[in-house]
K.L.:
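One structure is given below, represented as structure tokens, and several questions about it will come after.
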There are 2 protein chains.
Amino acid sequence: MDKAFINFKYVDAIARAGSIRRAAEALSITPSALNRRLISVEDELEVQIFERLPRGVRLNAAGEILIQHIRTQLSDFERVKSQIADLSGFRRGEVTIACSQALLPFFLPEQIDRYRTEHPMIQVCVLPRDRSAAEAALADFTADLAIVFEPIKISDFHPIITVRQEIHAVMDRSHPLARKTKLRLRDCLEYPLALPTKAYGVRWLFDQATEKRNQSILPLLESDSFEFLRMAVRNTDLITLQIEVGLAANETKKSVISRPIVELDIASGLLHFGHLRGRVLSVAAAKFATQLAQVLSERYESV
Amino acid sequence: MDKAFINFKYVDAIARAGSIRRAAEALSITPSALNRRLISVEDELEVQIFERLPRGVRLNAAGEILIQHIRTQLSDFERVKSQIADLSGFRRGEVTIACSQALLPFFLPEQIDRYRTEHPMIQVCVLPRDRSAAEAALADFTADLAIVFEPIKISDFHPIITVRQEIHAVMDRSHPLARKTKLRLRDCLEYPLALPTKAYGVRWLFDQATEKRNQSILPLLESDSFEFLRMAVRNTDLITLQIEVGLAANETKKSVISRPIVELDIASGLLHFGHLRGRVLSVAAAKFATQLAQVLSERYESV
DNA sequence: ATTACTGATGCAAAAATTGGTACACTAAAC
DNA sequence: GTTTAGTGTACCAATTTTTGCATCAGTAAT
């Protein structure tokens, strides 16, 4: 185990756990030891970092400043290690990316596989996060990069590239609508719908489109899991929606297919790829970012 | 003693000393202990930081990257401590300033005194440095701020303010030239001169002025110490040169007085005040910088 | 050849850290 | 009210880590 910054890592763990005892468990040490580490840090700074509550601890103002520094710091050190490993010849490091569910089945596995063939020593970590959680992961340095669809607030988010995403209807290959190459929204509304919950961007665009027509459509099936929705439409007349990046590249042999919906009926959304503003990426993360940005710009219309 | 970053501080000390034994002495520990600390750091990074030479150690490529990070790091931590102390009510911290000798007798003592009445807890450190050494002190984070007269290379130097400095002749109050209020260069050349060595900006401007007239003037007395030169002219007909900022504000009761030389005869020089480019100053240093910049802009013509 | 300096290593003593336990305290559950 | 479950913290012995000392091996200048 890494001994550098051990105290800072402990403080970070306490801040994340919200309790010394829980943090101690996560770190596999006794609460008393961790407590003394914290007190020794506070003594050195001559300032309290956490306020002690009956149910745990919480960062105070000084702690907020410190934790921000600690996380910047730890991330910077990763970058330095990455740089050093880089000039030692063999590339090492790790990249963590927070992204919408839509990227999980096809896009990211393909890209990571391609990336790993060039940089086999690099460890890639994928965190599925909804729109707000992805930004939170960037903010607390849990993730280096994020790909989010239709984010709510985009403060502190530095976009590398933003691409437009058409909405597609996803259905069984034997579905009546499968014969058409392009669908109208009204075609879809004649069939039962299986949609993501309102937390997701696709659903939000769908609700906007139906509101505009003064139709309030309730889906027959709702789920947080895109994978479940994709599986649910098999062998039924259900229809679900998905953005381009979440579709398989080659559908000829799949049991589930997709058809684009004309843009007049339902607006296309924006997929944002970027990192925390002001953050300096490690060599590993920067290379991965470059690859993703290139692929996205090749495949989709960038704005 | 501060235990955080202890290993990084040790590495920094070794880098500065160029030898483990000498660094160990400076740190008041045994060379063996320090050596093992270094080895443990290198083991964690899985990279050598120093190349071992028969006469000591020297940073290798990886070490250069690391030492830069370490120094940024230590300086950042100072800034954070300063911020934390700031919101705790009582201000604490330290400011280190590298400056030309001319600032030592009057300007800096006055400014520091004023600064300390407002911020009594802040420790101020003054390092007299010639033009190149001042920039080196900024670069290796030894100093937060620098005031240099006519610097050679100004790369990585971020100027806060630059002011013009007239050259003055400094002499005993009974000197024949003391009757005049403004001097010509040829007046001065009729008397023996006591000048700084060629490393200093005033001397450089003087040499340029005399070269332009195809006169090569050799000073009777040369010294590295501005204070010595000022003392040397007392009760003699010697004349020395000094820039405005190095003169006493009120000369009426002094035994040594100064008279400006007309600008046509000897060009005025530039006094640069600034910090390392890209560096984020601590609260303490930033406040001091603001004060100095204000005073300089009030007293002298800024460019 | 000699001298003076360098970094590295083995070993015992010293110092720091840890785990276990008990205690005081508070919010929630009963 | 009382109980309960959870919290942070202090004390002490055991353990781990770090240190100082003496020594070795190597190199550059004398």
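In what follows, chains carry the letters A, B, and so on, assigned in the order in which the sequence lines appear, proteins first and then strands, with residues in each chain numbered from 1.
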K.L.:
Ion pair present between R22(B) and E25(B), side-chain N to carboxylate O less than 4.0 angstrom?
P.N.:
no
K.L.:
Reckon R37(A) touches a base, only the sugar-phosphate, or nothing at all at heavy-atom distances under 4.0 Å?
P.N.:
sugar-phosphate
K.L.:
Can you tell me if S82(B) uses its side chain to pair, donor with acceptor, with the backbone of E78(B) under 3.5 Å?
P.N.:
no
K.L.:
Listing request: all ring-ring contact (aromatic ring centres under 6.0 Å, His included) pairs with a residue in residues 21-70 of chain B, at least two apart in sequence or in separate chains.
P.N.:
F77(A)-H69(B)
K.L.:
Would you say the side-chain atoms of N7(A) pair up with the backbone N or O of R37(A), donor to acceptor, closer than 3.5 Å?
P.N.:
no
K.L.:
Judged by atom type as modelled, is there a donor-acceptor pair below 3.5 Å linking the side chain of R58(A) to the main-chain atoms of E51(A)?
P.N.:
no
K.L.:
Without hydrogens or angle criteria, can the side chains of R16(B) and T142(B) be said to hold a donor-acceptor pair below 3.5 Å?
P.N.:
yes
K.L.:
In whole angstroms, how far is the P atom of dG8(D) from the CZ atom of R58(A)?
P.N.:
13 Å
K.L.:
Does dT6(C) have OP1 or OP2 sitting under 4.0 Å from an N or O in the side chain of S19(B)?
P.N.:
yes
K.L.:
Without decimals, in angstroms, what is the distance between L38(B) CG and dT9(C) C1'?
P.N.:
15 Å
K.L.:
Could you tell me the separation between the CG atom of N35(A) and the P atom of dC12(D), rounded to a whole number of Å?
P.N.:
17 Å
K.L.:
Rounded to whole Å, please give me the gap between CD1 in I29(B) and P in dA16(C).
P.N.:
14 Å
K.L.:
Grab the CD1-P distance between I6(B) and dT17(C) for me, whole Å please.
P.N.:
11 Å
K.L.:
Is E222(A) reaching over with its side chain to a backbone N or O of T197(A), donor-acceptor style, under 3.5 angstrom?
P.N.:
no
K.L.:
Would you please say whether a donor-acceptor pair under 3.5 Å links the side chains of Y200(A) and Q101(A)?
P.N.:
yes
K.L.:
Does any donor atom in the side chain of S100(B) or R131(B) lie under 3.5 Å from an acceptor atom in the other side chain?
P.N.:
no
K.L.:
Can you measure N7(B) atom CG to dT18(D) atom P for me and round it to whole angstrom units?
P.N.:
8 Å
K.L.:
L34(A) has an atom CG; how far is it from atom C1' of dA10(D), in whole Å?
P.N.:
16 Å
K.L.:
I want to confirm an ordering. Mapping I39(B) and R22(B) to their closest nucleotides on DNA chain C, which one lands closer to the 5' end?
P.N.:
R22(B)
K.L.:
How sharply is the helix from dA1(C)-dT30(D) to dC30(C)-dG1(D) bent, taking the axes over five pairs at either end and rounding to 10 degrees?
P.N.:
30°
K.L.:
What contact category does L53(A) fall into here, base, sugar-phosphate, or nothing, at under 4.0 angstrom with non-hydrogen atoms?
P.N.:
nothing
K.L.:
Please determine whether a side-chain nitrogen or oxygen atom of R36(B) lies at a distance below 4.0 Å from atom OP1 or OP2 of dT19(D).
P.N.:
no
K.L.:
Counting primed atoms plus P, OP1 and OP2 as sugar-phosphate and everything else as base, spell out the protein contacts along nucleotides 21-30 of chain C at 4.0 Å heavy-atom distance: B, S or - for each nucleotide, 5' to 3'.
P.N.:
-----SS---
K.L.:
What is the distance from CD1 of I20(B) to P of dT19(D), rounded to the nearest Å?
P.N.:
14 Å
